[in-house]
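Nothing here was measured: the structure is a model prediction, and the numbers come from that model. The figures that follow rest on heavy atoms only: side chains count, while hydrogens, waters and symmetry mates do not.
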Amino acid sequence: MSTDESPPPGDDEERYRRLLDETEHDTELGLEMGRDAQRVSAGELSELEFYRRYHDRIVEEFDIDDREIDLPDPDEAEPDDVGFLDRIGSALEGIDPDGEESRRSVMKKGAAAAGAMAVGTWGSAQTAAGQDDGHGGGAGADEGDGTRWGMTINLNNCDGCLACMVACNQEHNLSRGANWMYVFAFEDEGQGDETNFLPRTCQHCTDSPCTKVCPVGARHTRSEDGLVLTDYDICIGCRYCEVSCPYGVNYFQWGEPDVPESEVDDAHQIDDRGRWVGSRPPEGVMGKCTFCVDRQDGQMGEEKIGTTACEEACAMDAIHFGDLNDSESPPNQHLREYREGQENDLSEFPNRKAHTASTFKLMEERGTEPNVRFVGNEPSPHAEQVEGPVAYEDMGLTDDRKEVLDEGASATQGGESA
Amino acid sequence: MSVDVSGVDRETLVRPIQTFSKRYLAALAVGLGLIGVWLAFYLQQLQHGLIVTNLSDWGSGGGVPWGLYIGAFIWWVGIAHGGIILSAAVRLLGMDTYQPVARLAELLTIAALTCAGLFILIHVGRPDRLVTSVVPAWPTRVQWSPLMWDVTVITAYFVLTATYLALTIRYDIHRLRDRLPNLLDPLYDVLMIGYSEKEDEVVERMVWWIAFAIIIMAPLLLHGGVIPWLFALLPSMAGWAGGVQGPSFLSIALTSAVSGIIIVAAAFRTAYGWEELIPDAVFRGLSQWLGFFSLIFLWLQLQQVITGIFAAPTTLQHATEVKIATPLYWVAIGLVALAMLYAFAASLRPELFSIRTMVALSVGVLAGTLAEKVLFVVEGLQHAHFALYDGVPGAYVPSPTELSALLGTIGIVVLFFLVVSKVIPVVELHAIEDDHEEVSP
Ligand code: SF4
Ligand code: SF4
Ligand code: SF4
């Protein structure tokens with residue numbers, strides 16, 4: 001669902017009740033909180049009282065992990081702290097005790113509570129309704145609060161030069177064959193021998209199977225911006241995330257990494273929460289595209305926030321990275337411009353789509369809610385990978401990692417790496 | 001069909017404990033040898049990482065990230081799960097015929113669960129973190145990750161089986177203490193802490209309830225649930241999805257377990273001249289069960305093949321077509337079918353039956369179920385819904401390191417039975433003495 005379309009604001013309690021009932025959490029709690037929130041905004045109830053009234057029940061309901069959020073201490077909470085409800089909102093957003101699924105339901109809950117608030121003077125119904133699908137932004141949060149990094153990749157622009165793959169491999173010190181970015185060249189039925197291209201990153205799915213199945217919570221969704229990351233300190237290397245991901249974007253570190261630890265800077269590895277999630281994984285641990293988490297955390301300078309190495313390397317303007325919750329971000333802008341350039345004739349057929357541009361998300365029917373959108377033709381089930389104009393080897397890349405691993409396996413005596 | 005083995009004396013029962021033979025030493029050497037081979041390979045893996053296996057990444061990586069280790073893990077869990085179900089059924093339904101092999105089945109469960117756990121340990125990239133990562137994550141992850149369900153349920157079954165075994169062993173040790181080696185007295189003292197004859201009746205009731213719990217939970221746990229769910233719930237691979245996996249896994253578990261019990265029971269019978277203690281009738285009965293479970297196994301395979309090729313979704317159809325084009329799959333099916341046919345033929349014409357043949361066919365069944373399970377994992381991975389990768393059907397042949405682990409775990413089971421049979425009676429006293437007579441000093 002696109003973020004700039006939001007359902008019409010509703011103001012009846014029934015609607016929020018239904019919204020809340022969809023979550024697995026206590027409906028009454030949500031509704032009560034919503035009502036009391038209105039009283040807070042009307043000045044009938046102090047914020048401190050509001051906090052005290054619900055703190056225990058929130059903890060009980062959502063089993064808050066205090067590492068990840070900071071609810072204000074009731075004794076320290078400033079009674080006239082205006083941003084207080086916002087903080088409750090973002091606290092709800094930050095709750096991430098057991099992965100994405102629960103985060104989603106908490107979001108729905110929080111969003112619905114915020115929606116109920118919106119009936120009064122607080123917030124906007126749009127914030128609430130826009131969160132129905134559990135995406136990014138938090139309940140009652142300001143626009144800027146709910147970052148959801150994502151991409152629009154325009155396949156019509158891609159010429160298969162593989163520059164993005166090279167850039168990603170270099171920036172993240174990847175071992176040979178661990179192609180976090182992978183560019184397919186393929187031919188499809190009904191398209192003759194025309195070659196199409198599909199650059200594939202991790203889709204940073206909002207409803208990601210990989211985070212659900214991880215037995216130890218190493219694979220997780222960063223609540224502040226929806227990045228799907230792997231905590232290299234926790235991962236046990238079971239590879240369950242890899243078999244559960246429908247896109248085949250995970251690359252395990254089977255042996256010693258090609259680039260040793262001493263050559264990788266901490267700033268690229270440790271994110272703003274202090275967790276080791278960036279650059280290539282150590283041996284025995286899972287890796288995949290991080291949406292350049294170090295860039296998004298400002299470790300490579302302010303100007304690199306909201307950019308990725310692959311996007312920067314693409315001379316064809318195929319990759320557009322940014323905050324999908326921000327309608328002015330490059331991915332949203334590109335999509336809009338592209339669509340506007342292909343307007344449909346609505347004069348005679350007013351019920352047609354406004355544009356003729358073909359867009360898709362990869363295997364959306366798997367229910368993963370990918371955060372990468374493509375412009376262009378989706379490969380059919382009969383599409384076949386072919387050799388592109390530029391060979392992987394010519395760019396110093398390894399396509400089939402198995403070859404490297406086999407070498408390594410037979411040369412273990414010499415401590416060969418891969 | 002009931003057999004009376006109550007004429008057998010206690011001497012016969014404790015024969016493994018009181019004798020010592022060259023054959024025993026030879027078996028011990030084989031067991032230790034197998035473990036040694038595996039350890040030598042495993043040290044390589046510890047040193048260099050999983051690169052020494054033939055695994056790779058699926059997708060552009062041209063291989064499979066799960067292979068023999070996971071296939072063998074499932075196989076051992078299946079043997080374990082089936083073993084405990086059979087022993088519980090014997091207790092619950094009073095199937096006295098099989099009482100002589102009930103404890104063997106429980107012991108097999110313990111040994112097989114140990115092997116399954118070992119396969120998890122050697123499968124993961126960071127075995128050093130198994131405790132430090134899994135324990136703190138347990139409370140928040142157990143409701144999400146099927147792998148965490150597995151770890152939990154396997155641990156629970158291990159505890160359940162060990163308790164079950166410990167409870168019933170106390171009765172025997174108390175009554176056979178004078179025939180057990182003095183050397184192990186400290187061990188028996190520990191096992192017998194707080195024992196009084198009054199507990200026998202209570203224990204019998206407890207054992208009945210544990211058996212009841214095992215049977216009730218069987219369709220949900222291990223091969224009835226968490227193990228197939230490890231695959232069936234994923235959105236990624238066509239060949240894994242579907243509700244048929246639960247029943248299908250359970251049928252494999254029971255088939256493998258009966259085969260395992262036939263082999264172990266025959267080994268003890270031959271080694272200790274236990275023709276009276278484990279009479280022919282036990283094997284005839286077990287082989288009928290094997291035939292019946294094999295039939296269900298084959299029926300469920302048929303279900304999968306038919307639904308997979310007749311107007312199935314593209315990826316599932318492809319996965320099924322490849323499966324039925326794989327010779328190894330038909331070898332596996334053939335081995336199970338052969339055992340089934342023999343078992344049925346022998347029940348119609350009893351003179352056809354021989355324990356030796358049955359043991360050979362059981363070995364075949366175990367090979368077949370192992371092959372089927374490894375294929376399930378590997379071929380499952382080779383047919384992703386996202387089929388664009390040229391490398392998706394990457395080739396996979398287990399490396400020597402991986403194969404050695406299979407030998408190692410078989411060695412562990414051999415060693416386990418050799419050691420345990422020297423310590424406790426592997427056939428329970430109840431099998432030869434129906435009544436709860438008082439101890440005769
Ligand atoms: S693409 Fe795969 S690895 Fe990435 S978030 Fe989605 S499921 Fe997880
Ligand atoms: S490989 Fe690591 S990140 Fe992936 S599921 Fe296993 S523990 Fe989690
Ligand atoms: S977003 Fe970053 S990590 Fe992901 S493919 Fe592009 S360069 Fe690589």
At a 4.5 Å cut-off on heavy atoms, which part of [X] comes close to chain B: side chain, backbone, both, or neither?
X         : value
Cys245(A) : backbone
Tyr251(A) : both
Glu242(A) : both
Phe184(A) : side chain

Tell me if the centroids of the rings in His123(B) and Phe73(B) come within less than 6.0 Å of each other. no

Could you check whether Trp75(B) and Phe119(B) have their ring centres less than 6.0 Å apart?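 Between Trp75(B) and Phe119(B), which both carry aromatic rings, the centre distance is not below 6.0 Å.
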
Does the side chain of [X] come under 3.5 Å of the side chain of [Y] through a donor N or O and an acceptor N or O?
X         : Y         : result
Gln191(A) : Asn196(A) : yes
Ser248(B) : Gln304(B) : yes
Thr211(A) : His220(A) : no
Gln382(B) : Tyr396(B) : no
Thr368(A) : Asp207(A) : no

Chain B interface, residue from [options] that has the most non-hydrogen pairs under 4.5 Å:
options                                    : result
Val213(A), Ile236(A), Asp233(A), Val216(A) : Ile236(A)
Pro379(A), Gly237(A), Gly248(A)            : Gly248(A)
Met286(A), Glu403(A), Arg200(A)            : Arg200(A)
Pro246(A), Ala218(A), Ala383(A)            : Pro246(A)
Lys402(A), Arg239(A), Glu384(A), Met363(A) : Arg239(A)
Gly367(A), Cys235(A), Ala178(A)            : Cys235(A)

Go through the atoms of [X] and report whether side chain, backbone, both or neither lie under 4.5 Å from a heavy atom of chain A.
X         : result
Trp240(B) : side chain
Leu230(B) : both
Leu55(B)  : both
Leu234(B) : side chain

Just wondering, more than 12 heavy atoms not from Trp229(B) lying within 6.0 Å of its CH2?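 Enclosed.
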
I'd like to know which of Leu233(B), Asp150(B), Thr132(B), Leu147(B) tops the heavy-atom pair count under 4.5 Å against chain A.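 Ranked by contacts with chain A, first place is Leu147(B).
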
Residue selection (most heavy-atom pairs with chain A, distance under 4.5 Å) from Pro127(B), Ser56(B), Ala137(B):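 Of Pro127(B), Ser56(B), Ala137(B), Ser56(B) has the most heavy-atom pairs under 4.5 Å with chain A.
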
Can you confirm if the NZ or CZ of Lys373(B) lies within 45° of the ring axis of Phe249(B) and under 6.0 Å from the centre of its six-membered ring? yes

Please set out all donor-acceptor pairs under 3.5 angstrom arising from side-chain atoms of residues 390-399 of chain A, sequence neighbours excluded.
| residue | atom | partner | partner atom | Å |
| --- | --- | --- | --- | --- |
| Tyr392(A) | OH | Tyr182(A) | OH | 3.4 |
| Tyr392(A) | OH | Val183(A) | O | 2.6 |
| Asp399(A) | OD1 | Tyr182(A) | OH | 2.7 |

